Each structure stands twice: as C-alpha cells, then as structure tokens.
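Just so it is clear: chains get the letters A, B, ... in the order the sequence lines come, proteins before strands, and each one is counted from 1. Because the structure is predicted, anything quoted here is derived from the model rather than measured. Reckoned from all heavy atoms, side chains included, excluding hydrogens, waters and symmetry mates.
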Number of protein chains: 2
Amino acid sequence: MNGEGRDVGPGARESRPPSGTPLARRAGVALYEEVKADLTRRLVAGESPPGVKLPSEASLAQGYGTNRLTVRRALADLARGGVVRTEHGVGTFVREPSVRHRIDDGQGSLSESMAERGLSVVHQVIEVTEEPSATGPPEFPRWPGATVRLRHRRSLEDTPWSLSEAVLPAALAPRDWDGTESPFTRLTRDTGIAVRRARRSFSADAATADDARWLDIQTGTPLLIVTGVNTDAEGNDLAHIQHHTRADRTEYVVNLLV
Amino acid sequence: MNGEGRDVGPGARESRPPSGTPLARRAGVALYEEVKADLTRRLVAGESPPGVKLPSEASLAQGYGTNRLTVRRALADLARGGVVRTEHGVGTFVREPSVRHRIDDGQGSLSESMAERGLSVVHQVIEVTEEPSATGPPEFPRWPGATVRLRHRRSLEDTPWSLSEAVLPAALAPRDWDGTESPFTRLTRDTGIAVRRARRSFSADAATADDARWLDIQTGTPLLIVTGVNTDAEGNDLAHIQHHTRADRTEYVVNLLV
DNA sequence: TAGTGGTCTAGACCACTCA
DNA sequence: GAGTGGTCTAGACCACTAG
C-alpha cells in the first residue's frame, strides 16, 4: 500500500506479484470466488503491470492457505476472462492490455483497413480441401463445379486473432497464396472480380480445443463468431465465410444508418 | 443404434440416458476430453432429446470408471458450451434446442419483431438510477440535465435472454414502465419521438457472476455483447444501450448492402 | 534436473430440491 | 431424509520449459 512507483529493474518482470493474505471469507461465497476477487483486485488495481509473472500455483495456494486446486479454479476463470494467461511449464502471467481492435464496417478487407493503421496482418493457411460440388451446402450458381474449403488463421501484429474458413468455387480459389493479403483481395487482383461483403451474422461461442490451440487461448474462452456471405458486384454469392475471432481483441462496429 | 423411435412414456423424460462405456483413451488426450466427446456424441447424436435428465455425476463417474471430478469438468465444459444445463440439487439436463433467435437488422425494436413471429418478450426492470448530468460519460446535447441508467432483463418466451442497460436523458425515461414493450417503443408512444438504431458494436465476453445469476447460465459462459447508440430522426443521440445477450440463443444478422 | 502448470484420484462435507 | 450438484482438501503423477 506504499505509494512508490513501479520502478522495475532492467529486464525485470517480477514487480510486486500478489502474495498471500488471509482471505476474508463471507458466508455463501465460494473460496475460489474470494481468491478470484482478491487476485483481480491486485492485478487490475495496477499493482502488477501486464506481463508480470504471478507466483506459482503452489505458492499462491500456500499464501492463501488453501488448496492448489482452488487456486487453479480461480486462475482458470481469470484466464477465460482474459485477465491472465498461462504457459505450461513456465508460469501464469498478467495479460497484455486487451486492446480491442475496432473493425469499422467498410467494404475494404480487414487486411487493408489494418494496414492503413500500420498494423500487420498475416494469414497462415491451415488446410485446403476440395470438394465436388454436390457435397457442399452452399451453392454458387455462376460457378458450378467443385468448391474449395480454405481454413486459415489471421494474426494481427504477430498475435493469433481469428480462425477463419472460406468456402468458394474452386475456379476462384487463390493458388500459391502467400498470406500477405486476404484471399479476397488476392481474388480481385487475380480475376478482376470485385468482392463485396454482404450479410454478416454475429454470435458468440466457447472456444473448442481446436480453436484454443490455434488462437493461443484456453478452451472455453468466449469467441466472437462472424459468419457471412461475400458477393460480386451483381450480388451473386462468391463465398461463404466464417471467422472464430478472439473476443478479447475484437470489437466489430457496424453503422446501421447510411 | 437400433432404429426405434423415441417413444417416451407419458411424462417420462428419462429416455435412454447415456450410460457408462469403457472409454477408448488416446495418448495425449485428457480423460475429461474423452468423457466430453463421448457425452457429446450420445447427446448430439439425438439419442437423448432435449430435457432428458442425465444420470447423476456419481453414476456417470462410476460408469466411465473415473472420478466424479473428471466427469464434473466435462459437464462444466458442456454447460459453458450450451449443451447441458445443471440444476443444483436436481440434476443435469440436455439443453433445449439452441434455437437461435435471428434478429434481422431492421429499424423496429426487438419486441416488435419478435411479436410479429408470435414470440413473447418481457422486460423486467432491475435497477433505475438517476445521475446528475455531470457524471454520465455520454452527452445528450438536446436534452441537458440528469440522465437515467435503466438496467433491465429481457426474456423471450419466459427464458432469460439478455441483461440490458440503457442510459438516456431523465426527461425521456419512461415512468411506470410495465415491461410489456421496449423502453424505446414506449418512449415513441409517450413523446412521439422516433427512435432509430444507429451504430452497433459487437463483441463477446465471459459471463460475470452477476450476468450468470440474471440469465440463468453458468459463470464464464460466452455472451454476445452488443453496444450502440439510438438516435432521433435527425441523428441526435437519444440513448446509449448495452446488451449482454445469451449467445446460445442469439444470432444477430446485419445486412451490409442496402 | 528443477520448477511449473495439467490431470486425476479418493474422500469429505455442504447446499439445495423434493417427496 | 434421500439424492443431487457445488465446493474443498491432500496427495500423486505427468508434460512441458528452461537453465
């Protein structure tokens, strides 16, 4: 509680980790909730800047005079809430400030609008599967034939940001995609077809184990799910897209009034 | 796997609960993930229609030949994912079909568009606080003076659906609001001012303990967070709104092309 | 190899619901 | 009071990371 600044030594990232205190237990409130509240108080209160390593679970448990599992439960909740981040075999850290990347609605692609702000976007292809036209649920009247399912990961500033999927006619799928631009920017460059973002649908869901692995988050963490359709200038469906986006880094802004 | 129908007896809700099987463990996959996968297989595969009560945690644990805590961990994940629902002292149940209420973008209020589909919407006032104009962050140029913060819960078909907050000039806040219509529908009826939905921002977050209590869900469950501004016909800000919406029941559809 | 988080067990007690 | 989910403990072992 002394008013000294956070004068951390060179390279030091350990400044003032929360240590144990006797918890004031209230009737009807679970112990792990108390631990969670106490940790939140200490972390959010700013005593521990982002990146600070928390004491080990064992020592936290000892400090609180409780079981390690109780501490783990509190930490798991905080991780799902985006307050801390755990690394297996390394430790638990205060999360970087959840800078929410505002994605203002516009007809430009994400990569383009981010580039305008000096942010780097990288796409990494995860899986490309080609399916005969019969199987895919979406229909592409003007481009009959096989469809391609393109799974890729988008990263912003080297941080995993979304797990995305695009289903589009094989004839339009980019070849030798290097990921420096969006697949649709590439499509326009290759074919001259203008891509327009049409319907968008928003929901949320818990991260699956697969989501978690690719997005470097914990299973169960809330994701913003954006699905939609891209069309050409005439309004014909070009592609069906789905993004599983890290909610702690995303805010999708739409202007309903034009 | 037999093809019989789900001829449940009168009042019976117990048809074919998943019982224990020896789990095929795979290297590197946690036991609770296997349990989760097995339960999901059985439930989603349709062997157990919504509302069916699962066996108790103790008997599931015995059936799987594992510890109760392992089963609990699997069930907690499924609950966060909206697959099952637990009731303290009663049991665990397969969730009602996650009918995603599509909220097509339109200028009508939620209550109105839902009423058109024969769905009932009920608003329940949780808290009304009046604040002097100086404190509230939003500014309402045309209506100076105190602002009112209106917290309410919206339920669809008797199911909690969103925890909502509206901040608007005290002069416009509805008096004696009975909750049968949206506060803004009421505002239009009272004052004749047309309310337009302007900017909307979408994100997701984990349910806090408070969210969880009001929405009848589990802490940590993903919520769709919709914030925005309502304006009058001239585009002046009328109110700032925020909805914490149950993601398992929501899909917010926006048409970007007009 | 030491330290960390990840998983799992066995058992206990409590809080809640309902017959 | 029986049965259910909710919490908590003590202790064990594993998987991963880094010096």
Side-chain angles (χ1 to χ4, degrees), chain A residues 11 13-14 17 23 25-37 39 52-80 83-95 209 212-213 216-221, chain B residues 11 13-14 17 23 25-37 39 52-80 83-95 209 212-213 216-221:
Chain A
R13 285 300 220 158
E14 301 272 349
L23 283 178
R25 295 225 46 186
R26 291 164 294 176
V29 178
L31 184 52
Y32 74 88
E33 290 284 1
E34 302 281 20
V35 172
K36 204 164 65 171
L39 284 173
V52 162
K53 182 176 182 176
L54 271 66
S56 72
E57 297 176 348
S59 66
L60 277 175
Q62 192 180 17
Y64 284 124
T66 181
N67 189 270
R68 185 178 155 218
L69 220 57
T70 303
V71 169
R72 273 186 66 74
R73 182 154 181 190
L75 288 176
D77 274 13
L78 293 180
R80 267 192 294 272
V83 178
V84 301
R85 160 183 57 90
T86 61
E87 281 183 42
H88 192 178
V90 183
T92 304
F93 304 86
V94 179
R95 262 220 186 274
R213 204 178 68 246
D216 188 23
I217 54 178
Q218 192 154 334
T219 303
T221 301
Chain B
R13 284 299 218 159
E14 301 272 350
L23 283 178
R25 297 223 46 185
R26 292 164 293 175
V29 179
L31 186 50
Y32 74 87
E33 289 285 2
E34 301 282 19
V35 171
K36 203 163 64 169
L39 285 173
V52 163
K53 182 178 182 175
L54 270 65
S56 73
E57 297 175 347
S59 65
L60 277 176
Q62 192 180 18
Y64 284 123
T66 182
N67 189 270
R68 184 180 153 217
L69 220 57
T70 304
V71 168
R72 274 185 65 75
R73 181 154 181 192
L75 288 175
D77 274 14
L78 292 180
R80 268 190 294 271
V83 178
V84 301
R85 159 183 57 90
T86 61
E87 282 182 41
H88 192 176
V90 184
T92 304
F93 304 86
V94 179
R95 264 224 185 270
R213 205 177 67 247
D216 188 23
I217 55 178
Q218 191 155 334
T219 302
T221 302

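Here B/Arg72 lies in heavy-atom contact (under 4.0 Å) with a base.
Contact between the side-chain N/O atoms of B/Thr92 and the OP1/OP2 oxygens of D/dG5 is found at a separation under 4.0 Å. Put simply, A/Thr86 has a side-chain N or O that comes within less than 4.0 Å of OP1 or OP2 on C/dG6. Within the structure, every side-chain polar atom (N or O) of B/Tyr32 is placed at least 4.0 Å from both OP1 and OP2 of C/dC8. Taking 4.0 angstrom as the limit, A/Thr66 places a side-chain polar atom (N or O) nearer than this to OP1 or OP2 of D/dT9. Distances shorter than 4.0 Å separate none of the side-chain N or O atoms of B/Thr70 from OP1 or OP2 on C/dT7.
Checked by distance alone, B/Arg68 brings a side-chain donor or acceptor within 3.5 Å of a matching partner on the base of D/dG6.
The side chain of B/His88 lies closest to D/dG6 when the candidates are D/dT9, D/dG6, C/dT17.
One atom, CD of A/Glu87, and another, C1' of D/dA18, lie 12 Å apart when rounded to the nearest Å. Remark: P of C/dT9 and CG of B/Leu60 are 14 Å apart, rounded to the nearest angstrom. With rounding to whole Å, B/Gln218 atom CD is found 13 Å from D/dT7 atom C1'. Rounded to whole Å, atom P of D/dA10 lies 12 Å from atom CG of A/Leu69. At whole-Å resolution of the value, CG in A/Asn67 and P in C/dC8 are 17 Å apart. Across the protein-nucleic acid pair, A/Leu75 atom CG and C/dT7 atom C1' stand 16 Å apart, rounded to whole Å. Computed from coordinates, the A/Gln62 CD to D/dG11 P distance equals 13 Å when rounded to whole Å. Atom CZ of A/Arg73 is separated from atom P of D/dT9 by 12 Å (rounded to the nearest Å).
Contact of the B/Thr70 side chain with the B/Tyr64 side chain is not registered, since no non-hydrogen atoms from C-beta on lie closer than 4.5 Å. For the pair B/Thr219 and A/Lys36, the minimum side-chain heavy-atom distance is below 4.5 Å.
Closest approach of A/Glu57 to A/Leu75, counting heavy atoms only: CG-CD1, 3.8 Å. Scanning all heavy atoms of the two residues, the minimum distance from A/Arg95 to A/Asp216 falls at NH2-O, 3.9 Å.
At most 12 heavy atoms of other shown residues, nucleotides or ligands fall within 6.0 angstrom of atom CD in A/Gln62.
Nucleotide C/dT1: paired with D/dA18 (Watson-Crick or G-U wobble, both distances less than 3.5 Å).
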